[in-house]
There are 4 protein chains.
Amino acid sequence: MALRKLPRQQRSREMVDRIVAAARDVLVADGYDRLTTNRVADRAEVSPGSLYQYFPDKASIVEEVTARYVDRLAEDVVASLVDHVHEDPEAMARATAEALLSALERDPTLLRVVWEELPAARHLDDRLGLERRVRDVLRAYLGGRQSPAARRRDPARSSWLIVLAVESLAVRFVLDEDPPLTRDELVDDLVALGLAWW
Amino acid sequence: MALRKLPRQQRSREMVDRIVAAARDVLVADGYDRLTTNRVADRAEVSPGSLYQYFPDKASIVEEVTARYVDRLAEDVVASLVDHVHEDPEAMARATAEALLSALERDPTLLRVVWEELPAARHLDDRLGLERRVRDVLRAYLGGRQSPAARRRDPARSSWLIVLAVESLAVRFVLDEDPPLTRDELVDDLVALGLAWW
Amino acid sequence: MALRKLPRQQRSREMVDRIVAAARDVLVADGYDRLTTNRVADRAEVSPGSLYQYFPDKASIVEEVTARYVDRLAEDVVASLVDHVHEDPEAMARATAEALLSALERDPTLLRVVWEELPAARHLDDRLGLERRVRDVLRAYLGGRQSPAARRRDPARSSWLIVLAVESLAVRFVLDEDPPLTRDELVDDLVALGLAWW
Amino acid sequence: MALRKLPRQQRSREMVDRIVAAARDVLVADGYDRLTTNRVADRAEVSPGSLYQYFPDKASIVEEVTARYVDRLAEDVVASLVDHVHEDPEAMARATAEALLSALERDPTLLRVVWEELPAARHLDDRLGLERRVRDVLRAYLGGRQSPAARRRDPARSSWLIVLAVESLAVRFVLDEDPPLTRDELVDDLVALGLAWW
DNA sequence: GATGAATGAGCCTTCATTCAT
DNA sequence: GATGAATGAAGGCTCATTCAT
């Protein structure tokens, strides 16, 4: 009704958002196993057929959810990185670790569903993208700042290692029922890892 | 028809093994999405009904595959750990990292399917078990050996960090198309990480 | 294929009717044991999936068939009852017995399937409904007309007895290969029974 | 073990009984829908294969249960009939009605399962047998005793009617949640029916 | 574009029955 | 005869996707 009045472009954008939001809700509320296209359509208050006007298939809808989710994560982390680029390495590392944890803690249910219920292949590319983005920034902004001593290491190798380890640790920390360290301790360890490896 | 002529399928234990092996093969050959009970039965040269004499449902078959796979991994790693317990920490760390990588490299296709196609929740418990086993051994055998200086750290915290980081890194290394470091470099880094964090 | 070319199946009400009719046909043609959802779908020239858009499960389809069948029976009997309410009791009883028999004779094959192949529990409620409807009308319309002498009996008791006996006798008469009385004799007996017990 | 020592004939008789008893128990405990050959074998503490040494198929096992059940019913009723043959018709009718009701009340759960859960066709023959037996006795023993006035009626017709009506009414009385007459009232009515129709 | 009824391939599972031991 | 593991046909049902309106 009201939608009919909107400019075309707007409408389709809105539909995509509506569908993605509905899919995210279903994921969080019912889990991945129970996510059906009909349920998503219901939640989006849209007909099942309309889904296929904006997405080629069910998988692509879920992928868009994870893509947006992981992009947001990347955005937050990169933003923090950029914001603290002028500070000393430790401060920057700390800020970044904090930013990552906060980002992961924002929607732990979705994080759990994405990380544990979805086949990893479904969000692998997103994660690779996130890792690459962070790595690129890391290398670009910090690369020049390496102490001659640290220079012995290959930045590609270091960033691969750090980013992967930090990501895994942070995610598992948020998801673990009862992790054997506090959040602050984890941040300390993450910072230490970053500094040691760079 | 043809089956009628064959000796009756072997009993229980052998049957379970046959089914699990078939499921593994299907997983590797066709992927998780295409694993159906009928396909597993076909591959096991067994009737679909027989599956249900040994497993309550499809999920439990897949679970057994992952359980056995991850158990084997754990076995290898723990064995190496125990074998090198009397050596100096670095040698032990190196041997363990090697053992883990070798274990993961033994069946990379299955590793990929389990890690990327299966919903993580399907093998989460297995992984937690693996991690716990390794952590326990680590703490038991190395705990007493800490230098007073290293004593500053909580072993639970250290082992959680190390095990998780090493696991993630090793798996990703094996699965990555084109990792930015050689296998030897990774081992070096893993050893360094272990020594640094302990 | 062929279906693709046909006009889209008619909607809701018509679809329900189509399915119920198909189920009835299958019941009559193949018997209850051979009624499968796929067979019903075939006969209805509808896809198996469509069945489940209108019925929650197979049982409910069969239930609808019996419900409609028994409702029709009830309708006929009640209609006759109402039509002859102003006549003397014997005429009314006779008309009703006739109506019941005619109704049962209309689809003897379905009657046999419903009465003999279906578990009685599957149409028990329908039958109870039929009996209640007839009893209610009986008591409402005839109740006031009882001769003082007849008043000695409890109408609830009388109607229970009569309705049950008449129903059983009539059904068995229609279903019996070779009943030891003619239809007219049965009607006479049913009438006598009704008059005697009221 | 102990069974091995028994004479052959005994053994097979005992097995049949064991199986039939188990089937009856399953029927009562789990209902007809959940009666499977495996469950019967379990309950009989016998292997599934053994069932087929004594019965051609599942249906025949259930049939034996109903046959025995209905035969017992017939036995009781016929016995009562014979026992009271020398008394006046009303006393005999009353005794018979009582005997029937008592017989039905002995195992109401099995009655319900047989009457409501089993497809009627599965016990139709048994019922026909019961009815025939009772009718035969009725006609044989009471036939000669008819008053000349009653003689106007065809005994085959009368007995068909009476037996059927009495059977239906008695069964429904036992099965009804809340029948609108007492047991004594029903007996009175059944007796009246018998006397009136004979 | 939007709709939503219809589709139908295909899945998991059951269970009466068999037959080698 | 007894066993019971194995069988396998078949069934009910789901759900991603389509397409006539």
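Per chain, numbering begins at 1; letters A, B, ... match sequence-line order.
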Whole-Å distance separating the CG atom of A/Leu51 from the C1' atom of F/dT17:
11 Å
Would you kindly give the CG-to-C1' distance between C/Asp57 and E/dT13, to the nearest whole Å?
17 Å
Taking the nucleotide of DNA chain E with the nearest heavy atom to each, does A/Gln53 or B/Pro48 sit closer to the 5' end?
A/Gln53
Name of the residue among A/Asp33, A/Asp30, A/Asp25 meeting salt bridge (charged side-chain N to carboxylate O under 4.0 Å, His left out) with A/Arg39
A/Asp30
Between OG1 of C/Thr37 and CG of C/Leu51, what distance do you get to the nearest 0.5 Å?
6.5 Å
Looking across every strand, which nucleic acid part, if any, lies under 4.0 Å from B/Thr36 by heavy atom: base, sugar-phosphate, or nothing?
sugar-phosphate
Once you round it to whole Å, what is the distance between C1' of E/dC12 and CD1 of B/Ile19?
15 Å
Roughly how many Å is it from NZ in B/Lys58 to P in F/dC13, rounded to a whole number?
20 Å
Separation of F/dG12 P from C/Arg39 CZ (nearest whole Å)
10 Å
From CZ of C/Phe55 across to C1' of F/dG12 the rounded distance in Å is 16 Å
Taking 4.0 Å as the cut-off, does a side-chain nitrogen or oxygen of D/Thr37 come that near to OP1 or OP2 on E/dA16?
yes
Among F/dC13, E/dA2, E/dC12, the one nearest A/Ser50 by side-chain distance
E/dA2
For E/dA2, does OP1 or OP2 lie under 4.0 Å from any side-chain N or O of A/Tyr54?
yes
For C/Leu35, report the nucleic acid contact type (base, sugar-phosphate, nothing); a contact means any heavy atom under 4.0 Å.
sugar-phosphate
Should A/Ser47 be listed as having a side-chain N or O under 4.0 Å from OP1 or OP2 of E/dA2?
no
5′-ward residue of the pair D/Tyr52/A/Glu45 relative to DNA chain E
A/Glu45
Find which nucleotide of DNA chain F each of A/Pro56 and C/Arg34 is nearest to by heavy atoms, and output the residue with the more 5' nucleotide.
C/Arg34
Rounded distance in Å - CG (C/Asp42) to P (E/dT7):
12 Å
Proximity to the side chain of A/Met15 - top-ranked nucleotide from E/dT17, F/dG12, E/dA2:
E/dA2
Please give, in whole Å, the distance from F/dA10 P to C/Asp30 CG?
14 Å
Measure the CD-CG distance between D/Glu116 and D/Leu111 for me, rounded to the nearest 0.5 Å.
8.0 Å
Base, sugar-phosphate, or nothing: which does C/Asn38 touch, judged by heavy atoms less than 4.0 Å apart?
base
B/Leu118 vs B/Val113, side-chain contact (heavy atoms from CB on, under 4.5 Å): CA-CA, chis, key distance, verdict:
CA-CA 6 Å; B/Leu118 257 61; B/Val113 173; 4.3 Å; yes
Can you measure from CZ (C/Arg34) to CD (C/Glu117) and round to the nearest 0.5 angstrom?
8.0 Å
Identified pairing partner of F/dT21, criterion: Watson-Crick or G-U wobble below 3.5 Å
E/dA2
